[in-house]
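No experiment lies behind these values; they were computed from the predicted model shown. Chain letters run A, B, ... following the sequence lines, proteins first and then strands; every chain starts at 1.
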Amino acid sequence: MSKRSNENATETESKSKHAKHWSLGLLESMKDPKSIVKQTKNVVVIRDKYPKAKVHYLMIPTDSINSIYKLNSEHVSLLEEFNELFEEIKSEHSNINLIAGFHAVPSMQRMHMHVISNDMISPCLKTKVHWNSFTTKFFIPYKDILSELKESGSVKKISPELHKSLMATPLQCNQCSFKPKNMPQLKEHLLTH
DNA sequence: GTTCTAGAAC
DNA sequence: GTTCTAGAAC
């Protein structure tokens, strides 16, 4: 079958004017019982649709907060609830190293905190951008966001130049000094940890 | 965010 | 010739 006819076959759902933009996907997942891991009045925890490690959850506020850059001092208590849920999740995964943080430049709408294991073993981890999103300063630890919010009442954006340079960071294992030549070599190496 | 694929890198 | 990466997607 040609590529063109493939596109036509799914045109109704993928190309119509009413199709939802991909960046709104988290709002759909938040409502999907199959994605939900746990839920409180203020927060929903879902499984990442394309996990980049053995454990990869997203913690999302029920309130319509578009990103960390919309946070103000009144959201400190929300972030403190995030930490309580993070501690709860850690206690449910006793032998796994979990880290919590935010992407400096998120692609998906609705503020979301990544809770991810440091093994980084997953078929969905494919590109240098994936890797650098979790292993460079592009990944802002939860505690950094909380203290910046407490100290200045908001979270400052990074410059496009810094964004570009972080994404271009040479590959470096997150658990040792190994510097892989390419992604396949990195993925092979991760299996040895 | 993912998919696809041209052309760079090997 | 095959593997791998990076940029377009209307």
Side-chain angles (χ1 to χ4, degrees), chain A residues 1-32 34-37 43-62 64-70 82 99-117 120-140 142 145 155 157-174 178-192:
Chain A
M1 185 187 278
S2 78
K3 186 142 188 316
R4 171 59 55 195
S5 53
N6 247 336
E7 283 175 9
N8 287 340
T10 56
E11 182 164 10
T12 306
E13 57 178 358
S14 66
K15 294 282 176 64
S16 91
K17 291 176 193 172
H18 304 294
K20 283 156 190 157
H21 192 260
W22 56 261
S23 72
L24 299 170
L26 295 185
L27 280 66
E28 295 303 304
S29 297
M30 283 174 76
K31 294 184 292 190
D32 179 2
K34 294 191 297 295
S35 299
I36 298 174
V37 172
V43 183
V44 181
V45 180
I46 62 171
R47 267 180 286 278
D48 193 291
K49 191 173 179 183
Y50 298 93
K52 304 303 187 296
K54 287 179 178 175
V55 176
H56 188 182
Y57 300 138
L58 300 178
M59 201 176 286
I60 311 173
T62 311
S64 157
I65 302 167
N66 199 54
S67 77
I68 50 172
Y69 302 108
K70 300 290 186 185
F82 269 40
I99 53 177
F102 301 84
H103 284 160
V105 183
S107 297
M108 307 291 282
Q109 297 190 53
R110 184 63 63 91
M111 171 194 160
H112 55 282
M113 183 172 82
H114 293 270
V115 173
I116 186 167
S117 55
M120 303 302 282
I121 295 172
S122 166
C124 298
L125 179 75
K126 295 175 178 176
T127 70
K128 184 174 184 172
V129 165
H130 289 155
W131 182 256
N132 284 337
S133 295
F134 289 97
T135 60
T136 69
K137 286 179 175 173
F138 188 86
F139 188 84
I140 310 175
Y142 163 81
I145 293 293
V155 178
K157 291 192 182 189
I158 67 168
S159 70
E161 291 72 27
L162 178 57
H163 180 193
K164 194 177 168 187
S165 74
L166 289 173
M167 292 298 94
T169 305
L171 296 177
Q172 162 74 64
C173 178
N174 63 328
F178 182 61
K179 292 174 170 53
K181 285 193 163 49
N182 53 38
M183 285 303 295
Q185 193 175 107
L186 171 57
K187 289 175 68 68
E188 187 64 30
H189 169 79
L190 289 169
L191 299 174
T192 69

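- A:H21 comes within 4.0 angstrom of no nucleic acid atom, judged by non-hydrogen atoms across all strands.
- Both key distances under 3.5 Å define a Watson-Crick or G-U pair, and stretches of 3 or more such consecutive pairs in DNA chain C run B:2-10 with C:1-9.
- Within the 4.0 Å cut-off from OP1 or OP2 of B:dG1, not a single side-chain nitrogen or oxygen of A:K20 is found.
- With hydrogens and angles disregarded, a donor-acceptor distance shorter than 3.5 Å links the side chain of A:S122 to the backbone of A:P51.
- Between the C1' atom of B:dG1 and the CG atom of A:L58 lies a distance of 11 Å, rounded to the nearest Å.
- Side-chain atoms of A:S117 never come within 3.5 Å of backbone atoms of A:A53 as a donor-acceptor pair (strictly under, hydrogens ignored).
- By the 4.5 Å heavy-atom criterion applied to side chains, A:K179 and A:P170 are not counted as neighbours.
- Listed by chain and number, the residues in a ring-ring contact (aromatic ring centres under 6.0 Å, His included) with A:F139 are A:F134 (sequence neighbours excluded).
- Counting to the nearest Å, the P atom of B:dC10 and the CD atom of A:Q185 are 12 Å from each other.
- One finds a side-chain N or O of A:H103 lying less than 4.0 angstrom from the OP1 or OP2 phosphate oxygen of B:dG1.
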I'd like a list of close polar pairs between nucleotides 5-9 of chain C and the protein, N/O only, cut-off under 3.5 Å.
unit_1	atom_1	unit_2	atom_2	d
C:dT5	OP1	A:M183	N	2.9

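- Side-chain atoms of A:Y142 never come within 3.5 Å of backbone atoms of A:H114 as a donor-acceptor pair (strictly under, hydrogens ignored).
- A:W131 contributes no side-chain N or O that, together with a main-chain N or O of A:N174, makes up a donor-acceptor pair within less than 3.5 Å.
- Not one N or O on the side chain of A:R110 forms a donor-acceptor pair closer than 3.5 Å with the backbone of A:L24.
- Between A:M167 atom CE and B:dG1 atom P there is a gap of 9 Å when expressed in whole angstrom units.
- In this structure, A:H112 reaches neither bases nor backbone, as no heavy-atom distance under 4.0 Å exists between it and the strands shown.
- At most 12 heavy atoms of other shown residues, nucleotides or ligands fall within 6.0 angstrom of atom NZ in A:K49.
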